[in-house]
Amino acid sequence: MSVGPAGPVGGTPTTAPQDPYALVRTRGYLKLLLVAGAIGFPVCAVAFGFLALVHELEPLIYQDLPRALGFAGTPLWWPVPMLLVAGLLVGLTVRYLPGGGGHEPADGLALKGAPPLSELPGVFLAALTSLSFGVVLGPEAPLIALGGGLAAGAVRLLNRNMPAQAAAVVGAAGSFAAISALLGSPLLGAFLLMEVSGLGGPMLGIVLVPGLLASGLGALIFTGLGDWTGLGTYSLALHDIPRAAGPTIPEFGWALVIGLAAGFAATGVRRSALYLKGHVVRHRVPATVVMGLVVGVLAMAFAAATGKPASEMLYSGQSALGSLFRDSAGYTVGALLLLILCKGLAYCASLSAFRGGPIFPALFLGAAGGVVLSHLPGLSLTAGFAMGVGAMCVAMLRLPMTSVLLATLLLGESGLTVMPLVIIAVVVAYVVALRLTPATAPDLPSAAPHPA
């Protein structure tokens with residue numbers, strides 16, 4: 001058979017494969033990079049302002065307000081009415097404002113495109129109320145929505161003729177910028193959004209580059225505003241971590257145990273949250289109030305049983321990770337177990353009804369579990385802490401690369417030392433969590449007769 005310019009004789013004409021990187025060589029892509037870089041500055045300023053506002057409201061609600069009402073300190077029962085108020089406000093916001101308050105945290109961390117500008121007030125109010133009143137959720141999901149929505153909305157207002165694909169890339173860059181500094185590294189933010197969005201192939205680099213540019217420039221904004229205001233950067237980072245010893249054979253065994261335990265624990269949390277969510281959506285406002293009451297009662301019970309402030313159980317746990325590691329000796333095993341139980345139940349209730357992100361409570365619960373197990377022979381504190389963080393993160397989010405990087409970068413040089421242990425724990429937890437999750441309809445095998 002002879003081959004001519006049109007292809008094999010008698011066959012269909014062959015066509016030259018398209019260059020997947022042709023878009024990068026166009027002038028329009030350079031303009032897109034400039035827009036993405038420029039958008040990182042205002043988006044990160046807004047993200048910084050949101051985090052600063054949450055940070056200022058937390059002590060105002062739980063310290064200044066009770067003193068202003070004449071109490072000598074914060075009463076033991078104070079979280080109960082505060083979480084009831086939070087439940088009412090969030091329930092009304094989700095029920096009546098456009099967009100339903102944004103992302104449903106019980107569904108995990110998923111990207112569904114940048115929300116329109118009309119939905120951002122609801123996202124902002126629901127997340128601000130949830131986080132500042134002490135609900136056990138983190139700020140990452142609202143920041144992704146706010147950053148992406150503001151970026152995409154701004155470019156649409158400036159250029160109504162911008163192609164939808166370009167606007168989507170700019171929206172993704174805004175999400176990169178808003179969350180990168182929070183996680184402590186623009187690179188980590190890139191891995192998170194890459195895995196969440198399912199990007200792959202040549203399009204991965206084409207979409208990631210504008211996001212990396214926006215997040216890198218935006219990180220400078222976080223640092224500059226943190227220094228200028230004296231408020232810090234709100235970045236996920238631990239300091240003064242002692243040097244870790246190299247992994248041992250018993251610790252590789254503990255990696256299997258921690259991964260297995262995290263897979264079962266996270267599956268329990270996810271299923272419980274989804275079960276509760278099914279009831280919440282049918283009776284949004286009263287059910288959200290009830291979930292707030294549950295979180296408040298759990299905080300009060302923890303404080304009464306341990307003598308520690310309720311704030312150690314409330315909130316996402318992001319700022320408490322460092323103190324948990326440094327002051328772990330100040331916790332008895334019983335107090336740690338009660339903390340895990342109460343915070344885990346509050347996490348389920350928060351995921352089902354409130355608005356926020358699922359990452360940081362998962363990190364805290366995993367870290368606390370690792371600290372508990374470090375009291376047993378053959379497991380160091382640093383290794384247990386890191387493996388717990390990575391295993392619980394992947395079991396909740398199903399993002400293996402992000403989970404390994406989070407646990408590793410969180411501990412700095414010591415994280416690199418224990419990375420092999422973290423990888424094993426993450427892989428085990430990932431497989432266990434997926435095996436325990438029922439297959440969705442598209443993933444089910446087609447019905448076929450079994451062999452005789």
Side-chain angles (χ1 to χ4, degrees), residues 42-66 74 78-79 82-83 85-90 93-94 97 101-103 105 109 120-150 174-175 177-184 189 218-219 221-223 225-226 228-237 288 292 295-296 299 309-323 343 346-347 350-351 353-364:
V43 165
C44 258
V46 171
F48 183 91
F50 176 80
L51 294 173
L53 184 56
V54 170
H55 184 73
E56 293 298 316
L57 285 175
E58 289 174 359
L60 181 66
I61 294 170
Y62 280 93
Q63 298 175 22
D64 299 341
L65 183 56
T74 303
W78 188 258
M82 292 300 99
L83 270 300
V85 171
L88 177 62
L89 295 177
V90 173
T93 301
V94 173
L97 288 186
H103 172 71
L109 193 62
L120 297 188
V123 173
F124 177 85
L125 291 175
L128 181 66
T129 304
S130 298
L131 301 178
S132 59
F133 275 81
V135 167
V136 183
L137 293 171
E140 65 280 359
L143 287 179
I144 289 174
L146 290 172
L150 287 172
S175 295
I179 197 175
S180 60
L182 175 69
L183 296 176
I221 298 297
F222 261 71
T223 302
L225 288 175
W228 178 55
T229 61
L231 296 175
T233 60
Y234 308 109
S235 174
L236 179 64
T288 305
V295 176
S311 59
E312 295 196 12
M313 195 225 79
L314 294 172
Y315 304 112
S316 68
Q318 173 193 355
S319 59
L321 277 171
S323 59
K343 199 173 187 75
Y347 187 27
S350 301
L351 286 168
F354 290 89
R355 292 297 181 265
I359 294 180
F360 293 110
L363 300 185
F364 185 90

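As the structure is a computational prediction, the values presented were derived from the model and not from experiment.
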Grab the two heavy atoms, one from [X] and one from [Y], that are nearest each other, plus how far apart they are.
X	Y	value
A346	V295	O-CG2, 3.9 Å
G356	A141	O-CB, 3.6 Å
P358	Y347	O-OH, 2.6 Å
R355	A353	NH1-O, 3.5 Å
L137	P361	CA-CG, 3.7 Å
P79	A299	CB-CB, 4.0 Å

Going from [atom1] on [X] to [atom2] on [Y], what distance comes out if it is rounded to the nearest 0.5 angstrom?
X	Y	atom1	atom2	answer
E312	F364	CD	CZ	7.5 Å
M82	L314	CE	CG	12.0 Å
D64	T74	CG	OG1	9.0 Å
Y315	S350	OH	OG	12.0 Å
L128	F133	CG	CZ	8.5 Å
Q318	L131	CD	CG	10.0 Å

Derivation of the side-chain contact (heavy atoms from CB on, under 4.5 Å) call for V135 and L83: CA-CA 8 Å; V135 167; L83 270 300; 3.8 Å; yes
Of the options L53, L97, T129, T93, which is the one that meets F124 in a side chain to side chain contact (heavy atoms under 4.5 Å, CB included)? L53
Might you work through the side-chain contact (heavy atoms from CB on, under 4.5 Å) test for L150 and V46, ending with a clear yes or no? CA-CA 9 Å; L150 287 172; V46 171; 3.7 Å; yes
Are P139 and L51 packed together at the side-chain level, in the sense that at least one heavy-atom pair is separated by less than 4.5 angstrom? yes
Check: L146 and L120 side chains under 4.5 Å, non-hydrogen atoms: yes
Is the side chain of W78 donor-acceptor paired with the backbone N or O of Q63 at a distance under 3.5 Å, no angle test? no
